**Student:** 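Take a look at this one; I'll ask things after.
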Amino acid sequence: MALTPDEILNHEFTKKGSKAYIATDVDAFLDQINGDYEALIAERDELKRQNELAQAKIEELESKRDQVNQSIFVAQEAADRLKQDADVEVKKQLTHAQEAATKIINDARAKADADAVRLAQENAELTNEQNQLRTEVEDFKNSFLQLLESQRKLLESDELAEAVHRLPMGQVTAHRVGEVAKAEPVVIPEPDKEQNDAVSSEEQGPVVVFPGSEQDEDDK
């Protein structure tokens with residue numbers, strides 16, 4: 001067991017006489033101290049070497065840790081940048097899709113509004129045309145009825161005959177009338193009795209013979 005500092009400090013050598021120490025005791029003590037310190041130095045050196053190896057290992061691990069951390073940091077930056085780029089692209093695509101959808105909706109709405117206005121205008125024009133045709137038909141109907149009524153009244157009255165008599169005589173008609181006036185009177189022969197009977201029968205129309213009448217004639 002190695003000597004402690006107190007044992008070294010308080011060690012007492014065997015005295016030879018009143019003030020002398022035994023040389024063998026001193027040498028043995030010094031040899032023990034020397035062995036202990038050599039062992040301590042060797043142990044210290046081993047510990048120092050192990051410490052250096054451990055420190056090198058720690059430094060290597062710290063270097064690897066820094067590299068790993070740097071790699072993680074770079075990867076995190078790349079992931080963040082990729083995520084930002086993806087978010088920007090998604091927002092861009094979403095905005096583009098929303099704009100396209102809005103344009104489609106606005107175009108469809110504008111077309112529907114234009115079609116509605118055009119159809120309303122066409123409907124109004126057709127309605128006006130229909131009303132105009134009805135009015136024209138009604139006016140024509142009333143005019144025609146008034147014309148018929150006036151013609152009926154004209155036919156029922158003597159105004160037409162008087163108007164015909166008041167018409168001026170044409171040159172051809174006047175010439176013909178003058179020739180007729182200058183011509184000799186025409187002698188109309190007397191019709192015979194048979195012709196008178198025939199004319200009378202024709203004037204009387206067809207004779208209807210009933211069965212009873214024929215029987216009466218046979219009985220006679």
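Heavy-atom basis, side chains included; hydrogens, waters and symmetry copies ignored. Everything numeric here is computed off the predicted structure, so don't read it as measured data.
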**Student:** From the options R152, Q151, Q146, select the one residue that forms a side-chain hydrogen bond (donor to acceptor under 3.5 Å, both in side chains) with E149.
**Tutor:** R152

**Student:** Is E129 close to L126 at the side-chain level, that is, under 4.5 Å between some pair of heavy atoms?
**Tutor:** yes

**Student:** I'd like to know if the side chain of S63 reaches the main chain of E59, judged simply by a donor and an acceptor atom lying under 3.5 Å from each other, with no hydrogens or angles considered.
**Tutor:** no

**Student:** With sequence neighbours excluded, tell me which residues meet side-chain hydrogen bond (donor to acceptor under 3.5 Å, both in side chains) with Q70.
**Tutor:** none

**Student:** Say you draw a straight line from CD of Q130 to OG1 of T135; how long is it, rounded to the nearest 0.5 Å?
**Tutor:** 10.5 Å

**Student:** Heavy atoms, side chains only, cut-off 4.5 Å: are L133 and E136 in contact?
**Tutor:** yes

**Student:** CD of E38 to CD1 of I33: how many Å apart, nearest 0.5 Å?
**Tutor:** 12.5 Å

**Student:** Residues in side-chain contact (heavy atoms from CB on, under 4.5 Å) with E46, at least two apart?
**Tutor:** R49, Q50

**Student:** Report the residues that fulfil side-chain hydrogen bond (donor to acceptor under 3.5 Å, both in side chains) with E99, sequence neighbours left out, ordered by chain and then residue number.
**Tutor:** none

**Student:** Could you work out, with side-chain hydrogen bond (donor to acceptor under 3.5 Å, both in side chains) as the rule, every residue matching E89, not counting sequence neighbours?
**Tutor:** Q93

**Student:** Using a strict cut-off of less than 4.0 Å between a Lys/Arg side-chain nitrogen and an Asp/Glu carboxylate oxygen, indicate whether K111 and D107 qualify as a salt bridge.
**Tutor:** no

**Student:** Identify, with sequence neighbours excluded, every residue that meets side-chain hydrogen bond (donor to acceptor under 3.5 Å, both in side chains) alongside D25.
**Tutor:** T14

**Student:** What's the separation between atom CG in L148 and atom CG in L154, rounded to the nearest 0.5 Å?
**Tutor:** 12.5 Å

**Student:** Would you say the side-chain atoms of N34 pair up with the backbone N or O of L30, donor to acceptor, closer than 3.5 Å?
**Tutor:** no

**Student:** If I take atom CD from residue E62 and atom CG from residue N69, how far apart are they, to the nearest 0.5 angstrom?
**Tutor:** 11.0 Å

**Student:** Is a side-chain donor or acceptor of N51 paired with a backbone partner of L47 at a separation under 3.5 angstrom?
**Tutor:** no

**Student:** Can I get a per-line list of side-chain donor-acceptor pairs under 3.5 Å for residues 71-86, giving both atom names and the distance, sequence neighbours left out?
**Tutor:**
unit_1, atom_1, unit_2, atom_2, d
S71, OG, Q67, O, 2.8
Q76, NE2, D80, OD1, 3.0
K83, NZ, D87, OD2, 3.2

**Student:** Under 4.0 Å between a Lys/Arg side-chain N and an Asp/Glu carboxylate O for E138 and R134?
**Tutor:** no

**Student:** Quick check against the 3.5 Å criterion: does N106 have a side-chain atom that pairs as donor or acceptor with the backbone of T102?
**Tutor:** yes

